[in-house]
A.B. asks: 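First, the structure itself, so that you have it in front of you.
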Amino acid sequence: MVIVKVMGGLGNQLQQYALYRKLESIGRDVRLDVSWFRNTGEQQSVLARRELELEYFTRLTYREASPEEIRSVLGRLWEEPESAMAKIRRKVFPGSNPCFEEWDLYHEQVFQFTDKYLVGYWACEKYYADILSGLRQEIRFPACEDEDIGRRNEEAAARMKAVESVSVHVRRGDYLDAANRALFGEICTDAYYDAAIRFIRERYPAARFFFFSDDTAYVREHYADGEDEVIDWNVGRNSFYDMMLMSCCRHNICANSTFSFWGARLNDNKTKCMIRPSIHKNTQKCVPEQMKELWQGWTLITPQGGLP
């Protein structure tokens, strides 16, 4: 049995679900472990407590790993920490480790595992690019419980579909925290957004830009002009409808955020232009040939505003 751990925000959850569906499609006996969302101790490492937002999508079906199934795969790791000798043994003989933790951009070996506990975010497009069309049919947003918000979203979606619309995601919020800033900051710079917007305008002169952000005041001051629209009403539990609206745009400019990656992935426009930063984290070095192979169909722009 292969078990995929689910953790993090909605974008990460969708990636873990997508890997689950990919493994299922190749015949693996696979489960999702969602216990992270019930374990307050595990969530102490994140700035904001997360909810299992996969539950909001009624078309998503998956088998949840039971404690007994997790224990059967992890063995002693389930109940007690490893000894120093055990850790050394697992490093020398990695095949003996029942837990595989993501450490690189892409791990082809995950498709060979038949008995493993997988820990990671699996952001790379190559993991599930060939099943994205099916995932778009499954990942359907529920009707909004707030009728006014639901109406505003419907009207915005209609405006987006009527023009050469482009979503632009500017993520600040938790990325301004000192630790997160060191890891994720100074990647989606002004130069990045200027270059991305210019790239779109050169190809689509009639482009209309729709901005999404957790800091809409900053966006209005720094990026949006009189013809642009800032989507600012989807807050709190309704914030995931921003992803839905991003998918309604014809083209997408993403932050280094899996949230906007999925806004682009769920966009079913066959001629869409998807732009993302050349790196996701400051610990990553962009190897252009590798990134273009792992993220086929995407345009990469560096923090300096160039093409890698």
Side-chain angles (χ1 to χ4, degrees), residues 4 6-22 50 53-54 56-57 60 102 104-107 120-136 138-141 160 165-175 180 183-185 187-188 192-193 196 199-200 210-214 231 234 239-269 272-284 286 290-303 308:
V4 180
V6 183
M7 56 186 173
L10 177 58
N12 289 323
Q13 293 174 43
L14 288 174
Q15 284 162 180
Q16 291 145 359
Y17 173 80
L19 181 64
Y20 164 90
R21 294 289 284 129
K22 174 62 180 179
R50 303 293 191 176
E53 293 180 273
L54 292 182
Y56 299 165
F57 299 84
L60 299 191
E102 175 187 40
D104 204 354
L105 293 177
Y106 182 72
H107 299 279
Y121 295 108
W122 322 109
C124 182
E125 190 90 345
K126 188 173 180 178
Y127 282 119
Y128 31 76
D130 61 333
I131 65 167
L132 277 174
S133 60
L135 290 172
R136 291 188 194 104
E138 297 176 28
I139 304 170
R140 295 298 181 92
F141 290 79
M160 292 167 179
S165 52
V166 185
S167 72
V168 185
H169 185 213
V170 180
R171 180 168 174 175
R172 286 170 58 78
D174 59 339
Y175 277 17
N180 278 343
L183 189 59
F184 298 110
I187 292 175
C188 290
Y192 166 77
Y193 285 113
F199 185 93
I200 292 288
F210 294 80
F211 284 85
F212 299 82
S213 180
D214 49 10
I231 307 299
N234 289 316
S239 61
F240 77 150
Y241 288 112
D242 274 1
M243 183 187 292
M244 179 191 73
L245 291 178
M246 290 178 192
S247 74
C248 293
C249 291
R250 297 190 184 184
H251 312 284
N252 309 95
I253 297 173
C254 300
N256 55 330
S257 167
T258 59
F259 187 92
S260 49
F261 290 171
W262 277 100
R265 286 166 174 158
L266 296 177
N267 176 358
D268 61 5
N269 176 20
K272 64 186 175 183
C273 178
M274 299 180 293
I275 298 176
R276 58 149 292 173
S278 58
I279 58 173
H280 189 92
K281 302 176 182 178
N282 286 311
T283 53
Q284 177 187 346
C286 177
Q290 179 191 38
M291 285 296 292
K292 290 173 184 177
E293 196 270 331
L294 296 180
W295 290 78
Q296 293 184 20
W298 289 73
T299 296
L300 308 175
I301 294 180
T302 68

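Residue indices begin at 1 and follow the sequence shown. Scope of the values below: all heavy atoms of this structure, side chains included, with no hydrogens, waters or symmetry mates.
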A.B. asks: Show the nearest heavy-atom pair for residues Leu10 and Met243, with the distance to one decimal.
C.D. replies: CD2-CE, 3.6 Å

A.B. asks: Between Glu293 and Lys126, is there a side-chain heavy-atom distance shorter than 4.5 Å?
C.D. replies: yes

A.B. asks: Taking C-beta and beyond as the side chain, do Met160 and Ile231 meet within less than 4.5 Å on heavy atoms?
C.D. replies: yes

A.B. asks: First locate atom SG of Cys188, then atom CD1 of Ile301, and finally report the distance between them rounded to the nearest 0.5 Å.
C.D. replies: 10.0 Å

A.B. asks: At what distance, to the nearest 0.5 angstrom, does CG of Asp242 lie from CZ of Phe211?
C.D. replies: 13.5 Å

A.B. asks: Please report the interatomic distance CZ(Phe199) to OG1(Thr299), rounded to the nearest 0.5 Å.
C.D. replies: 4.0 Å

A.B. asks: Check the angle between the aromatic planes of Tyr127 and Tyr106 and answer parallel, tilted or perpendicular using the 30° and 60° thresholds.
C.D. replies: tilted

A.B. asks: Between Gln13 and Leu54 (side chain of the first, backbone of the second, donor and acceptor by atom type, cut-off under 3.5 Å), is there such a pair?
C.D. replies: yes

A.B. asks: How many angstroms lie between atom CD1 of Ile253 and atom SG of Cys273, to the nearest 0.5 angstrom?
C.D. replies: 7.5 Å

A.B. asks: Is a side-chain donor or acceptor of Trp122 paired with a backbone partner of Gln16 at a separation under 3.5 angstrom?
C.D. replies: no

A.B. asks: Is there a side-chain contact between Ser260 and Arg171 (heavy atoms, below 4.5 Å)?
C.D. replies: no

A.B. asks: Does any N or O in the side chain of Lys272 come within less than 3.5 Å of the main-chain N or O of Ala264, such that one atom is a donor and the other an acceptor?
C.D. replies: yes

A.B. asks: Of all heavy-atom pairs between Ala255 and Pro277, which one has the smallest distance, and what is that distance?
C.D. replies: O-CD, 3.8 Å

A.B. asks: Are Arg50 and Asn12 packed together at the side-chain level, in the sense that at least one heavy-atom pair is separated by less than 4.5 angstrom?
C.D. replies: no

A.B. asks: Could you check whether any side-chain heavy atom of Tyr128 comes within less than 4.5 Å of a side-chain heavy atom of Arg21, counting everything from C-beta outward?
C.D. replies: no

A.B. asks: Examine distances only and state if a side-chain atom of Asp214 and a backbone atom of Arg172 form a donor-acceptor pair shorter than 3.5 Å.
C.D. replies: yes

A.B. asks: So Phe210 and Leu245, do their side chains get closer than 4.5 Å, heavy atoms only?
C.D. replies: no

A.B. asks: Is there a side-chain contact between Trp262 and Met246, using heavy atoms and a 4.5 Å cut-off?
C.D. replies: no

A.B. asks: So does Tyr121 get a backbone contact from the side chain of Glu102, meaning a donor-acceptor N/O pair under 3.5 Å?
C.D. replies: yes

A.B. asks: With salt bridge (Lys or Arg N to Asp or Glu O under 4.0 Å) as the test, pick out the partner of Glu125 among Arg276, Arg265, Lys22.
C.D. replies: Arg265

A.B. asks: Could you pull out the closest heavy-atom pair between Tyr175 and Asn256, with the gap in Å?
C.D. replies: OH-O, 2.7 Å

A.B. asks: State, yes or no, whether a side-chain contact exists between Met291 and Leu105 at a heavy-atom distance under 4.5 Å.
C.D. replies: yes

A.B. asks: Ring centres under 6.0 Å, that's the criterion: do Phe261 and Trp295 meet it?
C.D. replies: yes

A.B. asks: For the ring pair Phe57 and Phe240, is the centre-to-centre distance below 6.0 Å?
C.D. replies: yes

A.B. asks: Just how far is it from atom CG of Leu60 to atom CG of Leu14, taken to the nearest 0.5 Å?
C.D. replies: 7.5 Å

A.B. asks: Where do Cys249 and Ser165 come nearest, in terms of heavy atoms and distance?
C.D. replies: CA-OG, 3.2 Å

A.B. asks: Output the distance between atom CG (Leu183) and atom CD (Gln284), rounded to the nearest 0.5 Å.
C.D. replies: 10.5 Å

A.B. asks: Looking at every heavy atom in both Cys254 and Tyr192, which two are closest together, and how far apart are they?
C.D. replies: O-OH, 2.6 Å

A.B. asks: Short question: side chain of Asp174, backbone of Asn180 - any donor-acceptor pair under 3.5 Å?
C.D. replies: no

A.B. asks: Heavy atoms only: give me the nearest Tyr193-Val170 pair and the separation to one decimal.
C.D. replies: OH-CA, 3.4 Å

A.B. asks: Yes or no on side chain to side chain contact (heavy atoms under 4.5 Å, CB included) for Arg136 and Leu132, after CA distance, side-chain angles and deciding distance?
C.D. replies: CA-CA 6 Å; Arg136 291 188 194 104; Leu132 277 174; 4.2 Å; yes

A.B. asks: Judged by atom type as modelled, is there a donor-acceptor pair below 3.5 Å linking the side chain of Asn252 to the main-chain atoms of Ser247?
C.D. replies: no

